[in-house]
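To start, the structure under review is shown below, and the notes come after it.
A, B, ... follow the sequence lines: proteins, then strands. Residue 1 opens every chain. Worth saying up front: this structure is predicted, and the values here are computed from it rather than measured. Heavy atoms only: backbone and side chains are in, while hydrogens, waters and symmetry mates are out.
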Number of protein chains: 2
Amino acid sequence: MSRTIVAPPELPDAPISAVERETGLSKDTLRVWERRYGFPVPLRDRHGERLYPADQVLRLRLISRLLGRGLRPRQVVGAPLEELIARAGEGDAGPALQARAAEAPLLDATLRLLRSYDEAGLRAHLSLALQRLGLQRFVTEFAAPMNVQVGEAWSRGEIAISQEHLYTEQMQHQLRQGIGAIYPGTRAPSVMLTTLPGEEHQLGLLMAHACLAIEGTRCVSLGVQTPAWDIAQAARQHGADVVGLSFSESLRQKTALDMLQDLRARLPESIEIWAGGALWSRLRRRPPGVRFVSRLEQISPLLAEYRARESAAAP
Amino acid sequence: MSRTIVAPPELPDAPISAVERETGLSKDTLRVWERRYGFPVPLRDRHGERLYPADQVLRLRLISRLLGRGLRPRQVVGAPLEELIARAGEGDAGPALQARAAEAPLLDATLRLLRSYDEAGLRAHLSLALQRLGLQRFVTEFAAPMNVQVGEAWSRGEIAISQEHLYTEQMQHQLRQGIGAIYPGTRAPSVMLTTLPGEEHQLGLLMAHACLAIEGTRCVSLGVQTPAWDIAQAARQHGADVVGLSFSESLRQKTALDMLQDLRARLPESIEIWAGGALWSRLRRRPPGVRFVSRLEQISPLLAEYRARESAAAP
DNA sequence: GTCAACTGTATGTCTAGGACAATCGTGGCT
DNA sequence: AGCCACGATTGTCCTAGACATACAGTTGAC
């Protein structure tokens with residue numbers, strides 16, 4: 001595959017505001033790195049304002065990505081280009097990586113379609129998988145491992161961000177089709193679904209939504225990033241039994257736990273909180289008042305338990 | 001304690017970073033206004049850091065809108081709340097605001113359903129509207145004015161954030177259903193759709209997607225927030241003819257223009273950029289190399305023009 | 001061993017006013 | 001009218017220091 005990383009188009013030196021835009025690193029951060037770590041070292045225009053050469057911007061972009069993966073600035077900010085690229089390639093060969101052999105061909109096909117930006121093909125492929133597996137198995141056996149695969153492929157540099165975006169978009173489309181085809185549920189518990197501020201990933205939320213909808217649960221989704229204050233208000237007004245929250249690994253666990261505790265304090269005891277997502281797979285201590293669900297398969301038993309409990313309590 | 005419909009929300013005071021996010025005014029600007037015009041006058045926390053009371057944030061949001069409309073800061077930054085509201089009312093008794101009389105009942109019904117968190121009802125309502133109007137008219141005559149209405153209702157405090165989220169979620173669902181029902185297009189131009197970093201609103205993108213798909217256009221959507229560098233790479237690799245970008249009013253016009261210019265520089269001349277959305281309705285000078293589209297209705301003629309141009313060029 | 005509390009370092013954000021480039025609007029000139 | 005020059009307006013960038021918060025390593029108790 002001759003996907004060369006493209007000859008640099010000879011871009012002019014960039015002022016600090018442009019670098020902020022391109023890398024997502026704030027001006028303050030850029031200036032403070034310069035002071036502390038001696039990198040970047042921008043040129044100056046005739047008025048003494050910073051001008052970043054294209055190669056430094058490239059390095060900064062790589063650094064920014066590595067930080068998003070959890071590396072610490074001290075270890076990467078000063079590092080030379082080759083080391084950055086090496087580290088970017090490392091990737092974590094976790095156990096989630098090997099999907100079950102049975103689905104491997106499906107996964108491979110997906111990656112192939114992504115590489116060629118073949119939207120129509122991808123759409124047909126996912127749709128077919130959905131029809132063949134049914135929503136339940138599509139979510140747990142296909143979508144979930146595929147999400148991990150695509151994420152890994154990106155961090156290994158095998159696919160571009162734009163291709164990962166394309167995948168997310170299409171998968172979202174497919175999940176919504178699946179959810180939309182289910183007649184609105186009426187069974188208890190009444191679940192209000194959303195994510196907390198800072199958590200932008202929709203796929204986790206949609207997968208959970210699908211798992212709940214399949215069981216006939218009555219659920220209302222608010223989409224992503226609802227502030228705790230508003231969740232509490234909405235849950236009370238709507239008379240929800242459960243608030244369901246989805247977490248990817250993009251949030252810090254500490255931050256997430258703090259927000260959960262905050263939300264817990266704002267909700268009456270009678271409303272349960274179910275927190276799901278990959279973030280909790282390495283949870284040390286689980287604070288009281290919140291149910292943690294690290295795998296989609298656990299949703300079904302959790303529902304069954306809730307229903308048993310309720311029918312026992314109020315016969 | 002009965003569930004009363006909410007006492008005045010008592011929002012907490014906001015730190016400067018939150019105000020920057022909510023109003024779109026940079027921290028530098030906020031500090032300089034304070035120095036120059038004596039407004040805003042934030043409280044200070046125990047460490048001397050700024051804390052903006054909710055009412056000042058409200059005023060700032062109004063001011064920001066007026067600036068976007070072309071008023072000069074000196075005339076509005078110090079002004080009292082009543083004057084701001086008066087001036088805000090002046091401007092657009094815009095045509096977008098009053099939906100055509102024919103759809104008014106539909107709009108009212110939507111707001112009513114939102115207020116009661118009736119997801120099933122909302123879903124049925126939107127689905128019905130979609131079926132009755134057809135995707136084309138659903139988008140331009142229902143979804144677009146409704147988005148404005150819901151936004152206004154929120155900023156007037158008539159509905160909660162959570163209700164606005166619920167609306168967005170359901171509308172998104174419906175639009176995706178509509179788009180998904182269309183057989184993948186094959187006609188030129190080949191359009192790559194996305195938004196730039198900082199622009200999180202999906203609805204605008206989906207509406208544009210719908211308008212393009214209806215015309216049989218071949219389009220690929222990358223979802224929201226793709227960095228300019230990645231857009232450029234993707235567009236070249238995929239061989240797109242047009243890059244379509246959607247902008248709500250959440251980005252500052254200046255920022256958006258800078259990013260557009262940046263993207264323009266990275267793309268070959270042969271790839272067009274179409275920038276759409278409410279942000280451009282009050283654009284002063286339009287930079288070269290980008291097509292601006294402030295209304296959805298303009299998409300169809302734009303397509304027609306492109307096709308005519310192409311078939312004339314390569315007969 | 002396991003876990004909680006402590007501690008030092010790492011890190012990003014905030015503060016202050018000054019400087020200045022870019023834009024806007026006005027008045028005078030052709 | 002059209003055009004240019006000028007002063008006022010306005011946002012962004014600069015420096016450098018302070019400090020809250022997050023992380024990582026260590027100690028101490030059970």
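- When each of B/V32 and B/E49 is assigned the nucleotide of DNA chain D bearing its nearest heavy atom, the one mapping closer to the 5' terminus is B/V32.
- You'll find that the side chain of B/R74 is closest to D/dT10, out of D/dC23, D/dT10, C/dT13.
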Using the rule given for salt bridge (charged side-chain N to carboxylate O under 4.0 Å, His left out), can you reason through A/E272 versus A/R309, listing the C-alpha separation, both sets of side-chain angles and the distance that settles it, and then say yes or no?
CA-CA 13 Å; A/E272 300 191 8; A/R309 200 171 352 121; 2.7 Å; yes
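- Closest-nucleotide positions on DNA chain C for B/I16 and A/H47 were compared, and the one nearer the 5' end corresponds to B/I16.
- Note that B/R59 lies in the cation-pi zone of B/F39, set by a 6.0 Å cut-off to the ring centre and a 45° limit from the axis.
- Remark: B/H165 NE2 is packed, more than 12 non-hydrogen atoms of other residues, nucleotides or ligands lying under 6.0 Å away.
- Residue side chain A/R35 reaches the base of D/dG17 through a donor-acceptor N/O pair under 3.5 Å, judged by distance alone.
- For the pair B/R50 and C/dA16, the criterion of a side-chain N or O lying under 4.0 Å from OP1 or OP2 is met.
- Residue A/K27 places none of its side-chain N or O atoms closer than 4.0 Å to OP1 or OP2 of D/dT12.
- Taking 4.5 Å as the limit, every side-chain heavy atom of A/R266 sits out of range of all side-chain heavy atoms of A/Q233.
- Remark: the B/R72 side chain and the C/dG25 base include no donor-acceptor N/O pair separated by less than 3.5 Å.
- Using a 4.0 Å heavy-atom criterion, one finds that B/R36 contacts the bases of the nucleic acid, with or without backbone contacts as well.
- Nearest to the side chain of A/P73, among D/dG11, C/dT11, D/dC13, sits C/dT11.
- Which of C/dG12, D/dC14, D/dT12 sits closest to the side chain of A/W33 comes down to C/dG12.
- Heavy atoms from other residues, nucleotides or ligands lying under 6.0 Å from CD of B/E22 number more than 12.
- Relative to the side chain of B/T29, the nucleotides D/dT10, D/dT12, D/dT15 differ in distance, and D/dT12 lies closest.
- The phosphate of C/dT13 (OP1 or OP2) has no side-chain N or O of B/S17 nearer than 4.0 angstrom.
- Residue-level contact check: B/R44 touches the backbone only, with heavy atoms under 4.0 Å from sugar-phosphate atoms and none from bases.
- Note: CG (A/L30) to C1' (D/dC14) measures 14 Å, nearest angstrom.
- Contact annotation: A/Y37 side-chain N/O to C/dA10 OP1/OP2 distance is not under 4.0 Å.
- Residue-to-nucleotide proximity on DNA chain D shows that, of A/D28 and A/E20, the 5′-proximal contact is made by A/E20.
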